[in-house]
Amino acid sequence: MTAAYTLYAKPGFSATTIERLCSEARISNRAFYECFGGREELLQALHERCVEESLAVVAKALQEAPATLMDRIASGVRAYMEFATADWRRARIMHLEVRRSGDVLAVSRQRAVASFAQLIEDASAEFPVTVPIDRRLVALAVIGALQELLIEWLMSDHQPELDKLIEVAVHICGRSLGAT
């Protein structure tokens, strides 16, 4: 898992062979296949671990946040973006390789998006909205915005400061969810 964490992040899933994984991990191909059915299964396990850890961090931040919608948004966004960017490998696997791997992570990605959307819906449910709005669709839109901001952070030649990304993400989420 440790070797895959680094290799799947860079050079990337498609450029990482079983032989390279095994060489980096100092295990035999046979030992690899005793644990995983293939490199796709390993990527899925790694992605799911990253998602579970991220969900736990965000859920904790939301529980500990003051009881206003804007405070919850700021706490949740900050917790996610700081956790995702604390290790560039995690950010790359969750936001780049998940897309580059094609169908390998399609189901895992959809489960992750659904889990994060539910977290957003639950955290904002007790707050009234000024206009009728489908919170689930808003949650999906906000998730897409956060993903694109993190991809910009990963890929840009002039990497934006994390605090600037968080500021923009909080603004988008706050406006989208009707926070004042």
Side-chain angles (χ1 to χ4, degrees), residues 1-63 75-123 136-137 139-157 159-160 162 165-166 169 173:
M1 290 284 281
T2 302
Y5 195 56
T6 299
L7 292 172
Y8 283 174
K10 194 169 190 176
F13 173 73
S14 62
T16 302
T17 63
I18 297 287
E19 291 73 24
R20 188 164 181 191
L21 276 168
C22 292
S23 174
E24 185 76 21
R26 297 185 181 137
I27 62 170
S28 68
N29 285 16
R30 182 177 176 194
F32 174 85
Y33 285 110
E34 288 174 0
C35 298
F36 298 100
R39 62 191 192 103
E40 296 83 2
E41 188 178 309
L42 175 56
L43 178 61
Q44 185 168 354
L46 194 57
H47 179 259
E48 288 173 1
R49 178 194 284 178
C50 290
V51 169
E52 288 170 16
E53 291 171 351
S54 299
L55 284 165
V57 166
V58 174
K60 183 176 188 247
L62 291 172
Q63 285 177 337
S75 293
V77 166
R78 178 168 292 282
Y80 181 75
M81 294 190 101
E82 286 178 349
F83 186 74
T85 60
D87 188 329
W88 64 272
R89 298 171 299 179
R90 181 186 306 122
R92 286 188 69 93
I93 288 167
M94 290 183 68
H95 298 285
L96 287 176
E97 292 307 311
V98 71
R99 292 176 179 198
R100 291 178 175 169
S101 65
D103 290 340
V104 172
L105 290 180
V107 172
S108 182
R109 181 181 179 279
Q110 286 308 110
R111 276 196 308 262
V113 168
S115 295
F116 280 106
Q118 189 63 57
L119 203 60
I120 293 167
E121 285 182 84
D122 293 347
R136 176 158 180 72
L137 293 178
L140 293 172
V142 165
I143 290 166
L146 293 176
Q147 288 176 348
E148 291 304 318
L149 288 170
L150 285 165
I151 290 170
E152 177 66 15
W153 179 82
L154 284 164
M155 302 298 291
S156 177
D157 290 335
Q159 193 175 60
L162 183 57
L165 287 181
I166 292 170
C173 293

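None of these values were measured; they are calculated from a predicted model. Counting from 1, the numbers follow the sequence of the chain as shown.
- If you take OG on Ser108 and CE on Met94, they are separated by 9.5 Å, rounding to the nearest 0.5 Å.
- Side chains of Arg111 and His47 form no contact here, defined as non-hydrogen atoms less than 4.5 Å apart.
- To the nearest 0.5 Å, atom CG of residue Leu21 and atom CG of residue Leu42 are 6.0 Å apart.
- Closest approach of Glu121 and Ala139 over heavy atoms only: CG-CB, 4.5 Å.
- Closest heavy-atom contact between Ala84 and Ala91: O-CB, 3.2 Å.
- More than 12 non-hydrogen atoms from other residues, nucleotides or ligands lie less than 6.0 angstrom from CZ of Arg100.
- The two residues Ile27 and Ala31 come nearest to each other via the heavy atoms CB-CB, 4.2 Å.
- Just one residue in the list Glu152, Arg99, His95 forms a side chain to side chain donor-acceptor pair (under 3.5 Å) with Gln147, and that residue is Arg99.
- Atom CG of Leu105 and atom CG of Leu43 lie 4.0 Å apart (nearest 0.5 Å).
- The SG atom of Cys50 sits 11.5 Å away from atom CG of Leu55, with the distance rounded to the nearest 0.5 Å.
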task = Check the pair Leu165, Met81 against side chain to side chain contact (heavy atoms under 4.5 Å, CB included), reporting the backbone distance first and the verdict last.
result = CA-CA 8 Å; Leu165 287 181; Met81 294 190 101; 4.0 Å; yes

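- We find the CD-CZ distance between Glu19 and Arg39 to be 10.0 Å, quoted to the nearest 0.5 Å.
- Here the shortest heavy-atom pairing between Leu150 and Tyr80 reads CD1-CE2, 3.5 Å.
- Judged by distance alone, the side chain of Glu97 and the main-chain N or O of Phe13 form a donor-acceptor pair under 3.5 Å.
- Of all heavy-atom pairs spanning Leu62 and Ala123, the tightest one is CD1-CB, 3.9 Å.
- Counting only N and O atoms by type, the side chains of Glu48 and Gln44 include a donor and acceptor under 3.5 Å apart.
- Under the 4.5 Å side-chain criterion, counting only non-hydrogen atoms from C-beta, Tyr8 is not in contact with Ser101.
- Here CD of Glu53 is found 6.0 Å from CZ of Arg90. Values are rounded to the nearest 0.5 Å.
- Counting only heavy atoms from C-beta outward, the side chains of Ile18 and Phe36 never approach each other to under 4.5 Å.
- Closest heavy-atom contact between Tyr33 and Gly37: CE2-O, 3.7 Å.
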task = Verify side chain to side chain contact (heavy atoms under 4.5 Å, CB included) between Lys10 and Trp88, making sure each step is shown before the conclusion.
result = CA-CA 10 Å; Lys10 194 169 190 176; Trp88 64 272; 3.8 Å; yes

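- Ion pairing between Glu24 and Arg20 fails under the 4.0 Å rule for side-chain N and carboxylate O.
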